[in-house]
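Working notes, structure below.
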Protein chains: 2
Amino acid sequence: MSDLLERLRGRGWRLTSQRRVVAEVLDGDHVHLTADEVHARAAARLPEISRATVYNTLGELVALGEVLEVATDGRARRYDPNAHRAHQHLVCSGCGAIRDVHPHGDPLAALPAAERLGFTVTAAEVTYRGLCPDCRP
Amino acid sequence: MSDLLERLRGRGWRLTSQRRVVAEVLDGDHVHLTADEVHARAAARLPEISRATVYNTLGELVALGEVLEVATDGRARRYDPNAHRAHQHLVCSGCGAIRDVHPHGDPLAALPAAERLGFTVTAAEVTYRGLCPDCRP
DNA sequence: TGTTGACTTGGACAAAGTCCAAGTTAGGAT
DNA sequence: ATCCTAACTTGGACTTTGTCCAAGTCAACA
C-alpha cells in the first residue's frame, strides 16, 4: 500500500497523516469495509480524524481508480482496495462475510449485442450469494 | 398483478387498500422503484398511505419472493416486481436508467468449485454498466 | 522558515430506513 | 347483518449513512 501512496504523490496528492492512515486501513486482501468501519479503524491510530475526511479520502481514492466501491446489500457502501486485479464477490447470506472470487471467462461476454439495448456496456459486476461454511445449517 | 393479490390472499394475507395500491404501483416491466418512489405513486391514489406501510409491504413482498430487492448503487434499494423470470440488470452510468436483460448461460456456472471457498452458492446477481444511447457522448 | 492553497474539522443538514404505541379495519364468527 | 379481534396502518421519533460548508491547519514549495 506504500506504493499506492507514492503513486498518489506522483499525481499531485498532498500526503497528509489522515490520508496515510486511511490507505493503511484499506491494505490487505478480502477487505470490504464501510466508511464507518474505515473511520473507526483510522481513529484507533489517529484519534482526531473526522468522518468528513474519511468520506473525502475514500471518494478521492475511488475517483482515482485505486479503490472500488461495492454495493452488495442496499446498506452502507463498502470499499475494496483490490482495484487492480479483476474479481467478483461472494457474499454469505447468513453473516454477511464477503470474499473476493475469480470466475472464469469475461462476464461481459454473456450479454449478447441484442440484449444490450443500444448501451455501450463497459463493465459487469457479479455478486454470488450463498452460505459460508460457518452459517450452513 | 391481480393474480399476485389472489396468490397472496391464498397465503393468508389481509387484502388492504394500501397493499393493493403498492402492488399496483409495482406492476409492469423494467420497474425498479425506490421505496420513496413507490410511496409517492401510491400516495397519488391513496393520499393517506404512510411511508411505514410502504416499507412494511415491500419487505413482506420481498420475504414472500414476489418482489426482488436490487442494490445497483450505494443509495436507496430498488424493488423489482419481475421476480419470476430470471434476469439481470443493465444500468446507465450517466442517468441511472435500469433495464432488465437476459444474458445467456447460467452466471453461476462461471464460478469453479475451487473458487467457492466452501460456500453453498445459490444465486448470482449481475449488474452490467455502461452508457445508454441518450447519455453517450 | 514563510507562504499559500490544499486539506481537515465539527457540526448542521439530508436521505434512507427502522421502530413503536395508539388507532383502524378485514374478514371470520355469531 | 353486525360484532370482534388479531392483523394492519399511522405518524412521529429515532438511527444510520452520507453530504456540505465556513473556519482553522498544515504539507510542500520557494
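Below, all heavy atoms of this structure are taken into account, side chains as well, without hydrogens, waters or symmetry copies. Since the structure is predicted, the reported quantities are computational estimates derived from the model, not experimental observations.
- A close approach under 4.0 Å does occur between a side-chain nitrogen or oxygen of A:R19 and OP1 or OP2 of C:dT8.
- Computed from coordinates, the B:E69 CD to C:dA16 P distance equals 14 Å when rounded to whole Å.
- Here the side chain of A:A52 is nearest to one of D:dT9, D:dC20, D:dG18, namely D:dC20.
- Following rounding to the nearest Å, B:L46 (CG) and D:dC8 (C1') show an atom-to-atom distance of 13 Å.
- For B:L8 and C:dG27, the CG to P distance is 12 Å, given to the nearest whole Å.
- For the OP1/OP2 pair of D:dT10 and a distance below 4.0 Å, the side-chain nitrogens and oxygens of B:T53 include at least one atom meeting the criterion.
- Per the geometry, CG belonging to A:L58 stands 14 Å off C1' belonging to D:dT19, to the nearest Å.
- Whole-Å rounding puts the B:L61 CG to D:dC8 P distance at 12 Å.
- Both B:V54 and A:R14 lie near DNA chain D, and the one whose nearest nucleotide falls closer to the 5' end is B:V54.
- When the side-chain nitrogen and oxygen atoms of B:R77 are compared with OP1 and OP2 of C:dA16, none of them lie within a distance under 4.0 Å.
- Atom CG in B:L15 sits about 12 Å away from atom P in C:dG28, given to the nearest Å.
- Between B:Q18 and C:dT25 there is no side-chain polar atom (N or O) within less than 4.0 angstrom of OP1 or OP2.
- Below the 3.5 angstrom threshold, one finds a donor paired with an acceptor across the side chain of A:R51 and the base of D:dG18.
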- Item | Check against salt bridge (Lys or Arg N to Asp or Glu O under 4.0 Å), A:E6 and A:R11 | CA-CA 9 Å; A:E6 277 317 306; A:R11 295 216 222 175; over 6 Å; no
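- Between B:R75 atom CZ and D:dG18 atom P there is a gap of 8 Å when expressed in whole angstrom units.
- By the 4.0 Å N-to-carboxylate-O rule, A:D29 lies close enough to A:R85 to be salt-bridged with it.
- Here the CZ atom belonging to A:R41 is positioned 9.5 Å from the CG atom belonging to A:L26, to the nearest 0.5 angstrom.
- Looking at heavy-atom distances under 4.0 Å, B:A76 makes contact with sugar-phosphate atoms alone, never a base.
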- Give the intermediate values and the outcome of ring-ring contact (aromatic ring centres under 6.0 Å, His included) for residues A:H87 and A:H89. CA-CA 7 Å; A:H87 66 280; A:H89 294 112; 4.9 Å; yes
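- The side chain of B:R9 lies closest to C:dG27, out of C:dG27, D:dT10, D:dT17.
- Proximity of A:R78 to A:E37: side-chain heavy atoms (C-beta onward) are separated by under 4.5 Å at one or more points.
- OP1 and OP2 of D:dC8 both lie 4.0 Å or more from every side-chain N or O belonging to B:T16.
- Taking atom CG on B:N56 and atom P on C:dG17, their separation rounds to 13 Å, with Å as the unit.
- The shortest distance between the side-chain N/O atoms of A:Y55 and the OP1/OP2 oxygens of D:dG18 is below 4.0 Å.
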